[in-house]
Undergrad: 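This is the structure I have questions about; it appears just below.
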Amino acid sequence: MDYRTGQPIVTQTAHRPDNRYGNRPTMKDVAARAGVGLKTVSRVVNGEPGVTPDTERRVREAIDALGFRRNDSARVLRKGRTASIGLILEDLADPFYGPLSRAVEEVARAHGALLINGSSAEDPDREQELALALCARRVDGLVVIPAGDDHRYLEPEIKAGVATVFVDRPAGQIDADVVLSDNFGGARDGVAHLIAHGHRRIGFIGDMPRIHTAAERLRGYRTAMEDAGVPVEEAWMSLGATDPQRVRRAAEAMLSGPSPVTAIFTGNNRVTVTVVRVLAERTRPVALVGFDDIELADLLQPGVTVVAQDAARLGRTAAERLFRQLDGTLLLPERIELPTRLITRGSGELPPAG
């Protein structure tokens with residue numbers, strides 16, 4: 001506003017097209033501004049030879065002035081490949097998926113591909129909707145952390161050439177590449193560690209029983225107890241949603257009564273965080289081993305003993321197999337199981353309270 005005249009001040013800028021959706025600058029606009037033909041603009045945009053340095057300079061100046069961006073949709077129609085892959089996660093907010101997603105992205109970038117992320121929120125219908133939406137946009141491949149147990153809906157896409165790798169959990173009712181952690185062996189080793197430190201009353205709090213990882217970790221818990229000749233009471237096991245209220249109720253129930261548990265094995269990082277809070281409110285020490293590492297676990301008192309997965313290695317291995325499929329170097333689906341690692345920090349080494 002010009003306070004002398006009371007009129008608004010209008011700043012003159014170079015003309016550029018209205019960049020609202022559907023009205024972006026085109027190669028035709030670039031050609032008109034640079035005074036060249038469409039074919040010349042196409043050659044510059046796609047890095048093709050046959051353009052003099054002076055003409056290329058004029059075209060690039062026009063591109064910069066107009067804010068032109070190449071439309072890859074037309075290239076997809078011509079070549080049938082988008083140089084993009086989709087990654088479907090359970091929950092983008094879960095810290096476990098951060099390094100996994102980053103590893104997939106790094107492999108994709110090394111192959112000149114763009115990564116598109118989406119979250120299923122542990123909903124099989126949402127997973128299917130997202131996967132098919134990505135296929136409709138002609139991604140070259142999918143890395144899927146499955147929420148459901150029936151992936152036959154992907155069979156037509158796979159037959160049409162969409163490379164697909166499942167990670168963290170296997171596909172349901174189709175043969176496909178899958179990269180997993182040793183959930184059973186890791187849980188068995190974590191519970192055996194508690195048994196070796198004198199515990200016999202050990203609780204298990206895990207995720208929904210329909211989830212592959214939760215079921216395998218429960219199986220590892222049961223096997224470790226059975227191998228040690230320790231009978232398991234039903235009250236010591238609780239599977240369900242990982243929301244803090246449900247986990248807190250389960251932990252408090254196990255820690256109360258005439259024969260409370262002396263140790264807890266937690267089935268994933270979200271469960272572990274809630275149980276750490278519950279135990280911090282109690283005076284009687286309770287041993288704890290968690291599946292998945294958690295942030296600041298080494299700074300707590302005592303530090304939290306965990307069975308750690310290598311999330312980055314999971315993502316990298318899955319993405320590398322995806323691009324090997326795209327290169328045509330893989331013929332038959334494989335199941336790859338990566339080892340886990342027990343990290344002792346103090347909480348899993350506490351003896352049973354007298």
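Here, residue 1 is the first one in the sequence, and each next residue gets the next number. Only a predicted model underlies this, so the values are computations on that prediction, with no experimental measurement involved.
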Undergrad: Counting only heavy atoms from other residues, nucleotides and ligands, does the tally under 6.0 Å from CG of D150 exceed 12?
TA: yes
Undergrad: What are the two closest heavy atoms between R43 and V51, and how far apart are they?
TA: CB-CG2, 3.7 Å
Undergrad: Apply side-chain contact (heavy atoms from CB on, under 4.5 Å) to the pair V307 and R217, showing each step before the final yes or no.
TA: CA-CA 11 Å; V307 175; R217 293 167 195 176; over 6 Å; no
Undergrad: Could R222 and E226 be called an ion pair, given the rule that one side-chain N must be under 4.0 Å from one carboxylate O?
TA: no
Undergrad: Nearest 0.5 Å please: distance from the CG atom of D298 over to the CG atom of L296.
TA: 7.0 Å
Undergrad: In Å and rounded to the nearest 0.5 Å, what is the CG to CG distance from L134 to L142?
TA: 6.0 Å
Undergrad: Given side chains that start at C-beta, do those of L100 and L89 come closer than 4.5 Å, heavy atoms only?
TA: yes
Undergrad: Indicate yes or no: does E122 engage R270 in a salt bridge with an N to O separation below 4.0 Å.
TA: no
Undergrad: Is the CD atom of E281 crowded by more than 12 outside heavy atoms at less than 6.0 Å?
TA: yes
Undergrad: Would you say that R137 contacts I116 through its side chain, given a criterion of any heavy-atom pair below 4.5 Å between the two side chains?
TA: no
Undergrad: Step by step, would you call V36 with V41 a side-chain contact (heavy atoms from CB on, under 4.5 Å)?
TA: CA-CA 7 Å; V36 299; V41 176; 3.7 Å; yes
Undergrad: Checking E61 now: which residues fulfil side chain to side chain contact (heavy atoms under 4.5 Å, CB included) with it, not counting sequence neighbours?
TA: R57
Undergrad: Can you list the steps and then say if I63 with V45 is a side-chain contact (heavy atoms from CB on, under 4.5 Å)?
TA: CA-CA 9 Å; I63 287 172; V45 168; 4.1 Å; yes
Undergrad: Does any part of the side chain of N269, heavy atoms only, come nearer than 4.5 Å to the side chain of D94, both counted from C-beta?
TA: yes
Undergrad: Where the side chain of T213 meets the backbone of I211, is there a donor-acceptor pair that is under 3.5 Å apart?
TA: no
Undergrad: How close do A250 and S238 get, counting heavy atoms only, and between which atoms?
TA: CB-OG, 3.4 Å
Undergrad: Assess whether a salt bridge exists between D182 and R188, defined as any Lys/Arg side-chain N lying under 4.0 Å from an Asp/Glu carboxylate O.
TA: no
Undergrad: Please confirm whether the backbone N or O of G186 pairs with a side-chain atom of D189, one donor and one acceptor, at under 3.5 Å?
TA: no
Undergrad: Is the shortest side-chain heavy-atom distance between P95 and E295 below 4.5 Å?
TA: no
Undergrad: Looking only at atom types and distance, does a side-chain atom of Y221 sit under 3.5 Å from a main-chain N or O of G267, one as donor and one as acceptor?
TA: no
Undergrad: Measuring from atom CZ of R138 to atom OG of S84, what distance do you get when rounded to the nearest 0.5 angstrom?
TA: 10.5 Å
Undergrad: Minimum heavy-atom separation for D177 to R321, with atom names?
TA: OD1-NH2, 3.0 Å
Undergrad: Side chain of T305, backbone of R345: donor and acceptor closer than 3.5 Å?
TA: yes
Undergrad: Considering the options V273, L279, T272, which one meets the side-chain contact (heavy atoms from CB on, under 4.5 Å) requirement together with V275?
TA: L279
Undergrad: Looking at R246, I'd like to know if its CZ atom is crowded, meaning that more than 12 non-hydrogen atoms belonging to other residues, nucleotides or ligands lie closer than 6.0 Å.
TA: yes
Undergrad: Would you call R210 and D149 a salt bridge, taking side-chain N to carboxylate O under 4.0 Å as the test?
TA: no
Undergrad: Is it the case that one hydrophobic cluster holds both F184 and L218, taking links as side-chain heavy atoms less than 4.5 Å apart, direct or via other members?
TA: no
Undergrad: Output yes when a side-chain donor or acceptor of T262 lies under 3.5 Å from a complementary backbone atom of P352, and no otherwise.
TA: no
Undergrad: Do V144 and M208 sit in one hydrophobic cluster, given that two such residues count as connected whenever their side-chain heavy atoms are within less than 4.5 Å of each other, even indirectly?
TA: no
Undergrad: Which one of N117, L92, I145, L314 satisfies the side-chain contact (heavy atoms from CB on, under 4.5 Å) criterion with Y97?
TA: I145
Undergrad: Please determine whether residues V104 and F96 belong to a single hydrophobic cluster, defined as Ile, Leu, Val, Met, Phe, Trp and Tyr linked transitively by side-chain heavy-atom distances below 4.5 Å.
TA: yes
Undergrad: Taking R33 for the side chain and A62 for the main chain, is one N or O donor matched with an acceptor at less than 3.5 Å?
TA: no
Undergrad: May I have the step-by-step check of side chain to side chain donor-acceptor pair (under 3.5 Å) for H151 and Q128, ending in yes or no?
TA: CA-CA 8 Å; H151 293 91; Q128 178 174 340; over 6 Å; no
Undergrad: Do you know which two heavy atoms are closest between V162 and V139, and how far apart they sit?
TA: CG2-O, 4.2 Å
Undergrad: Give a yes or no on whether a salt bridge exists between E216 and R219, defined as a side-chain N under 4.0 angstrom from a carboxylate O.
TA: yes
Undergrad: Between A251 and V278, what is the shortest heavy-atom contact and its length?
TA: CB-CG1, 4.2 Å
Undergrad: Between E157 and C135 (side chain of the first, backbone of the second, donor and acceptor by atom type, cut-off under 3.5 Å), is there such a pair?
TA: no
Undergrad: Between M225 and L288, is there a shared hydrophobic cluster once you connect ILVMFWY residues whose side-chain heavy atoms come closer than 4.5 Å?
TA: yes
Undergrad: Test your reading of the model: is there a side-chain donor-acceptor pair from T340 to the backbone of A308, 3.5 Å cut-off?
TA: no
Undergrad: For R277, look at atom CZ and say whether over 12 heavy atoms of other residues, nucleotides or ligands are found less than 6.0 Å away.
TA: no
Undergrad: V59 and V30: side-chain contact (heavy atoms from CB on, under 4.5 Å), yes or no, with the steps?
TA: CA-CA 7 Å; V59 171; V30 174; 4.1 Å; yes
Undergrad: Side chain of D140, backbone of A83: donor and acceptor closer than 3.5 Å?
TA: yes
Undergrad: Would you compute the distance between atom CG of L180 and atom CG of D168 and round it to the nearest 0.5 angstrom?
TA: 7.5 Å
Undergrad: Out of the candidates Q309, R313, E337, only one should pair with S181 under the side-chain contact (heavy atoms from CB on, under 4.5 Å) rule; please name it.
TA: Q309
Undergrad: If you round to the nearest 0.5 Å, how far is CD of E105 from CD1 of I85?
TA: 9.5 Å
Undergrad: Has H199 got a side-chain atom pairing as donor or acceptor with L350's backbone, closer than 3.5 angstrom?
TA: yes
Undergrad: Salt-bridged, E155 to K159, with N to O below 4.0 Å?
TA: no
Undergrad: Decide whether F204 and V230 are clustered together by the hydrophobic rule: side chain heavy atoms of Ile, Leu, Val, Met, Phe, Trp, Tyr closer than 4.5 Å, transitively.
TA: yes
Undergrad: Flag the pair R58 and D54 as a salt bridge only when some basic side-chain nitrogen lies within less than 4.0 angstrom of an acidic carboxylate oxygen.
TA: yes
Undergrad: CZ of R102 to CZ of R316: how many Å apart, nearest 0.5 Å?
TA: 12.0 Å
Undergrad: Do the non-hydrogen side-chain atoms of I205 and T274 ever get within less than 4.5 Å of each other?
TA: no
Undergrad: Does a side-chain heavy-atom distance below 4.5 Å link D310 with R341?
TA: no
Undergrad: Side chains of T317 and V165, heavy atoms from C-beta outward: is any pair under 4.5 Å?
TA: no
Undergrad: Is the shortest side-chain N to carboxylate O distance from R324 to E334 below 4.0 Å?
TA: no
Undergrad: Measure across W236 and P231 and return the closest heavy-atom pair with its distance rounded to 0.1 Å.
TA: CZ3-O, 3.3 Å
Undergrad: Side chains of L322 and V107: does their closest heavy-atom pair fall under 4.5 Å?
TA: no
Undergrad: Give the ring-plane orientation class for F291 versus F265, where under 30° counts as parallel, over 60° as perpendicular and anything between as tilted.
TA: perpendicular
